[in-house]
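Computed from a predicted model, the values in this text were never measured in an experiment. Remember, it's 1-based here, ligands and their atoms both numbered in the order they're listed.
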Amino acid sequence: MAKIFVTRKLPFWGEVSKPLLDGGYVVVVSDKNRPMDRRELETELEGGYDGLLSLLTDKIDKDLLGHAQNLKVIANYAVGYDNIDVKVCGEKGIKVSNTPCDEVNESVAEFAWTLMLALARRLPEAAEYARNAAYHGWEPEIFIGADVSGKTLGIIGAGRIGSRVAKRAEGWGMKVVEYSRSSGLKLEEVLAQSDLVSLHVPLTSETRHLINKNSLGMMKKGAILVNTARGPVADEAEVAEALRAGMLSGYGADVFENEPSPYAELLQMENVILTPHIASATVAARKAMGTIAVRNLVEGLAGREMPNLVRAQG
Ligand code: DGY
């Protein structure tokens with residue numbers, strides 16, 4: 001019977017892994033409650049597994065795959081799969097899948113809005129002020145923020161998640177402008193018009209540092225930028241510089257260039273919100289991600305088409 005390795009204990013695993021147990025697969029789950037380091041992963045994969053359930057913290061490249069002689073299927077527990085060298089997997093005949101689904105789309109879209117609204121209304125600063133008992137009575141001048149109603153939202157990457165972020169803007173009577181491979185607008189046009197910009201592109205060689213000194217310079221003065229995509233889509237040092245210069249009024253990031261450590265200066269800035277890659281951390285999304293990863297393993301190991309097979313990106 002096929003052997004599967006799961007690189008970390010996952011939420012709702014008892015529930016979502018049922019098809020693996022019912023199918024009689026031999027399933028080994030890492031006993032470490034942390035990402036496995038490189039050496040541990042290499043050693044484990046030498047155990048001759050047929051299937052691998054990987055996380056976005058597992059870097060799966062040519063060297064690592066050299067330790068996984070029997071591997072046929074990798075189910076990545078994320079929508080993004082920039083942690084996997086899919087091209088090399090293809091050359092080795094290893095199939096790779098991800099976990100796109102409505103649940104993740106909705107929870108990430110909600111989270112992008114959580115960051116945008118919190119920045120516009122200076123929520124972290126105000127909450128800190130109240131928590132520190134600095135509030136002694138209503139004051140007309142404190143924490144004056146910005147409305148989002150009637151403003152323009154720029155979506156960079158109008159795919160499954162970006163389009164849901166856009167949909168939610170209707171409720172605030174916002175104008176939405178979108179930049180994607182197929183949209184009519186250029187990046188420059190979208191950035192120049194937007195009061196708030198939300199990033200939703202996958203990380204590829206084309207999108208790495210898409211947000212840099214040059215593109216930040218195209219943005220409206222005082223705009224808010226939010227990144228729930230992948231950290232390296234934005235050059236954090238250049239974002240920090242734009243914040244310092246007042247070109248941006250706020251930056252919200254759920255993902256960092258070098259996770260888990262954000263660019264140090266961002267940690268000191270009041271108009272920055274940094275969260276630990278939790279945009280999809282809802283019960284519904286996590287259950288769906290586990291269910292989908294398991295389904296892909298089962299289908300792939302049975303030699304059938306994986307429902308969420310992915311191909312190498314640019
Ligand atoms: C994804 O799915 O790619 C998120 O970043 C983690 O859920």
Side-chain angles (χ1 to χ4, degrees), residues 6-13 16-17 30 34-36 52-60 74-86 89 96-116 155-165 180 198-208 210-211 225-234 236 251-262 273-297 306-314:
V6 181
T7 64
R8 190 156 182 186
K9 183 174 167 289
L10 296 174
F12 314 108
W13 184 241
V16 302
S17 65
S30 166
R34 57 167 172 77
M36 296 179 72
L52 176 67
L53 198 162
S54 58
L55 270 61
L56 57 86
T57 40
D58 304 318
K59 188 170 166 46
I60 300 180
I74 301 175
N76 204 40
Y77 182 79
V79 176
Y81 48 94
D82 47 282
N83 57 309
I84 302 179
D85 191 330
V86 180
C89 287
V96 181
S97 67
N98 67 343
T99 59
C101 55
D102 286 347
E103 291 85 346
V104 170
N105 298 340
E106 303 298 348
S107 52
V108 177
E110 285 181 12
F111 199 79
W113 271 111
T114 303
L115 291 176
M116 286 190 276
I155 301 284
I156 309 300
R160 285 180 291 244
I161 296 174
S163 59
R164 276 160 168 95
V165 176
S180 63
S198 193
L199 304 176
H200 300 287
V201 285
L203 176 63
T204 65
S205 50
E206 285 169 25
T207 63
R208 183 174 294 274
L210 184 69
I211 300 299
L225 176 66
V226 157
N227 188 1
T228 53
R230 283 291 182 265
V233 172
E236 286 178 345
Y251 180 56
D254 186 47
V255 286
F256 315 138
E257 258 194 277
N258 297 303
E259 286 189 28
S261 307
I273 302 178
L274 303 169
T275 50
H277 208 145
I278 53 165
S280 66
T282 63
V283 171
R286 288 287 184 262
K287 279 191 182 173
M289 289 163 70
T291 303
I292 293 169
V294 165
R295 188 184 307 142
N296 278 281
L297 281 172
M306 291 166 87
N308 304 99
L309 184 74
V310 298
R311 295 182 202 293
Q313 297 180 316

Close-contact set for ligand 1 against [X] heavy atoms, below 4.0 Å:
X      : result
Arg230 : 1 (C), 3 (O), 4 (C), 5 (O)
His277 : 4 (C), 5 (O), 6 (C)
Met289 : 7 (O)
Leu56  : 5 (O), 6 (C)

Can you check whether [X] has an N/O within less than 3.5 Å of an N/O in ligand 1?
X     : answer
Tyr77 : no
Ala78 : no
Gly80 : yes

Is the backbone of Pro202 close enough, under 3.5 Å, to the side chain of Thr207 for a donor and an acceptor to pair up by distance?
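It does hold such a pair.
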
Is there a donor-acceptor contact under 3.5 Å from the side chain of Glu236 to the main chain of Glu257?
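Yes, the answer is positive, given that a donor and an acceptor are paired below the 3.5 Å cut-off.
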
Return the residue, atom name and 0.1 Å-rounded distance of the protein heavy atom closest to atom 7 (O) of ligand 1.
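For atom 7 (O) of ligand 1, the nearest protein heavy atom is Ser280 OG, 2.6 Å.
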
How far is atom 2 (O) of ligand 1 from its nearest protein heavy atom, and which residue and atom is that?
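Checked against all protein heavy atoms, atom 2 (O) of ligand 1 sits closest to Val79 N, 2.6 Å.
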
Are side-chain heavy atoms of Leu53 and Leu10 found at a separation under 4.5 Å?
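Counting from C-beta outward, Leu53 and Leu10 do come under 4.5 Å.
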
With the threshold set at 4.0 Å, does a side-chain nitrogen-carboxylate oxygen contact exist between Arg8 and Asp58?
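Salt bridge absent between Arg8 and Asp58.
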
Residues, nucleotides or ligands: over 12 heavy atoms within 6.0 Å of Arg311 CZ
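Count not over threshold, so no.
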
Out of Asn227, Ile273, Leu115, which one pairs with Tyr251 under the side chain to side chain contact (heavy atoms under 4.5 Å, CB included) rule?
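Filter result, single survivor: Asn227.
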
Go through the side-chain N and O atoms of Asp254 and Thr275 and say whether any donor and acceptor fall under 3.5 Å apart.
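Yes.
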
Heavy-atom pairs closer than 4.0 Å: do any link ligand 1 to the side chain of Thr99, the backbone, both, or neither?
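Neither part.
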
